[in-house]
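To keep things clear, I will list the structure first and then write my remarks on it.
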Amino acid sequence: MKGIIIEKRSRKSVVMDQNGRFVKTRTMKGWNEGEEVSFVSGAVKTARNLSIAAAFVLVLALGLFAVYAGNAYTVYLDVNPSIEIEVNAFNNVSSIQALNDDAEQISDLESLVGMKFGPAVNVAIQLLLDQGYLEEDGTVVLSITGKNGKLKTVEKEVAEALTGVEIETEDDEDEPLEVEAEEGEPKVKVYIGRVTEDMATAAEDLDVPIGRIVLATKAQEEGSTITYEAAAALSVQELQRIRNLAKTINKATSLVTGASEQGQENSKGHIKQIEAMMDKILREAAKIEGNLAGLDEASERYIALKAQLDFLLAQLDNMVLTADMEADEIIMGMAQYKGATPEEKARIREEIKEAKKADNDAKQEENRTRVEEKMDEVKAKVAALKAAKNKSEEEGPENAGDNAGENAGENSSDDGPGNSGNNAGKNAGSNAGGNGNGN
């Protein structure tokens, strides 16, 4: 527990805790009056009397506390329900308020008051999931008012309290931070951004939750043409899908450009990546088209969403036109997807699926053939080793005596004792004759 030291004594000190109570607790080394300290709540007893000096310190401490409390901040949590969360200087939720009709329908929101901010967000997300306001791979926007440093505070609190989420902040340039989850578990996406004065004014003028304006601002920075007026007509999830499609197209464009610059012979390494990107573009475009299918074509929401989809797919077309590489056919096929009827799109997706299966089957067959050829080589080597071993055994110790005897007999008939005299005589005669002729 944390509090401010009101009166310090040698053994017991009086501390004002986070709830404004005056409590007595054991004095710790290094404590000074007016400072914020941590103390053990289990050892707390309510302080009944304060000295005059302590009362003076109390006035000073209250002033310091007021300054410190000025570092508190407000976070707006948006999905479609919009919730305002007031956080005090100790990162505890001091109040919570439903800002629209959907938020008012969420039960148990009041249970968040008094909790640490991170766990409170965790509970809020679980309530949204359980009550059907948030999909398992949906997006939650946390918009922060207060000093700039609060963005890092919120990110740290959320990362420590939540599991199975992707956390992205407005400062992120790389991939979002993935908080560990079970394999295959869908990840809720949490986007954290600051609220500027212009954003707050736009949200007030358009009478929409601030989270949509914060997310639209990020989309604009990433190259989207979406306006605040268009964003006001869309849901948080639709805005996030527009961002996902835009980012994927931008990545695919970078890969295509890189492959083209390296030349045809070096493009093979990019093709698989580009194929994966194209598959993702298909999925993201299909999700947006799924949203469009349920809307009235004359509605403001349909017009805003359709305009963004057309803009992004036009970017895809432009990428295709500038691409000069082996993967052109792949990209062109994906680009043609946008002009197809729903039935044709379903057929295209099925063809892609079947083509992938056929490709996998062909690779498996190729691997199987390679393995069989390798096995044949191994079998041939094993047979050769066995033959060599058998021959060695036939000529081995059992026949060594026979071979030795035969060799010994042959040698004894020539050089053995029986012929040694003859050989000696022959050699002596030869030598004598040779010496005589020589001399």
Gln131 atom CD, over 12 foreign heavy atoms within 6.0 Å: yes
Residue pair Val93 / Ala120: nearest heavy atoms and the distance that separates them: CG2-CB, 3.6 Å
Distance, nearest 0.5 Å, that separates CD of Gln237 from NZ of Lys287: 7.5 Å
Heavy-atom closest contact (Ala103 atom, Ser82 atom, distance): CB-O, 3.3 Å
Short N-O contact, Arg241 and Glu135, less than 4.0 angstrom: yes
Side-chain heavy-atom pair Leu112, Phe117 within 4.5 angstrom cut-off: no
Which atom of Ile192 lies closest to which atom of Glu155, heavy atoms considered: CD1-CA, 3.7 Å
Minimum heavy-atom distance between Asn100 and Pro81, given as atom pair plus value: OD1-CA, 3.6 Å
Salt bridge flag under 4.0 Å for residues Glu222 and Arg243: yes
pair Lys306-Asp310: side-chain heavy atoms closer than 4.5 Å: yes
Between OH on residue Tyr73 and CD1 on residue Ile85, distance to nearest 0.5 Å: 9.5 Å
Pairwise side-chain contact, Tyr76 with Val214, heavy-atom cut-off 4.5 Å (strictly under): no
Between CD1 on residue Ile288 and CG on residue Leu309, distance to nearest 0.5 Å: 5.5 Å
Residue pairs involving residues 198-213 (criterion side chain to side chain donor-acceptor pair (under 3.5 Å); sequence neighbours excluded): Asn80-Arg212
Any Thr139 side-chain heavy atom under 4.5 Å of Val79 side chain: no
Any donor-acceptor pair under 3.5 Å from Ser94 side chain to Glu86 backbone: yes
Ile242 and Leu234: CA distance, side-chain angles, deciding distance, side-chain contact (heavy atoms from CB on, under 4.5 Å) verdict: CA-CA 10 Å; Ile242 288 169; Leu234 303 178; 3.8 Å; yes
pair Arg301-Glu238: side-chain heavy atoms closer than 4.5 Å: yes
Side chain Asp78, main chain Val141, donor-acceptor under 3.5 Å: no
Any Ile144 side-chain heavy atom under 4.5 Å of Thr153 side chain: no
Salt bridge Glu170-Arg194, side-chain N to carboxylate O under 4.0 Å: yes
Pairwise side-chain contact, Leu206 with Ile213, heavy-atom cut-off 4.5 Å (strictly under): yes
Trace of the side-chain contact (heavy atoms from CB on, under 4.5 Å) decision for Leu245 with Ile281: CA-CA 6 Å; Leu245 183 55; Ile281 289 171; 3.9 Å; yes
Minimum-distance pair of heavy atoms, taken over all atoms of Ala202 and Tyr228: CB-CD1, 3.6 Å
Rounded distance (nearest 0.5 Å) linking atom OG1 of Thr145 with atom CE of Met199: 12.5 Å
Main-chain N/O of Ser13 paired with Thr27 side-chain donor or acceptor, under 3.5 Å: yes
Derivation of the side-chain contact (heavy atoms from CB on, under 4.5 Å) call for Val121 and Val75: CA-CA 10 Å; Val121 172; Val75 178; over 6 Å; no
Main-chain N/O of Phe90 paired to Lys116 side chain as donor or acceptor, under 3.5 Å: yes
Asp101 and Glu104: CA distance, side-chain angles, deciding distance, side-chain contact (heavy atoms from CB on, under 4.5 Å) verdict: CA-CA 5 Å; Asp101 292 341; Glu104 288 175 357; 4.0 Å; yes
Distance in Å, Tyr191 OH paired with Ile167 CD1, rounded so as to fall on 0.5 Å steps: 13.5 Å
Least distance between heavy atoms, Gly211 atom then Ser143 atom: CA-OG, 3.5 Å
Donor + acceptor pair across side chains of Gln240, Asn244 (<3.5 Å): yes
Close side-chain approach of Phe311 to Ile226, heavy-atom, < 4.5 Å: no
Separation between CD1 of Ile96 and CD of Glu110, rounded to the nearest 0.5 Å: 9.0 Å
Any side-chain donor near an acceptor of the partner, Thr74 and Glu84, under 3.5 Å: no
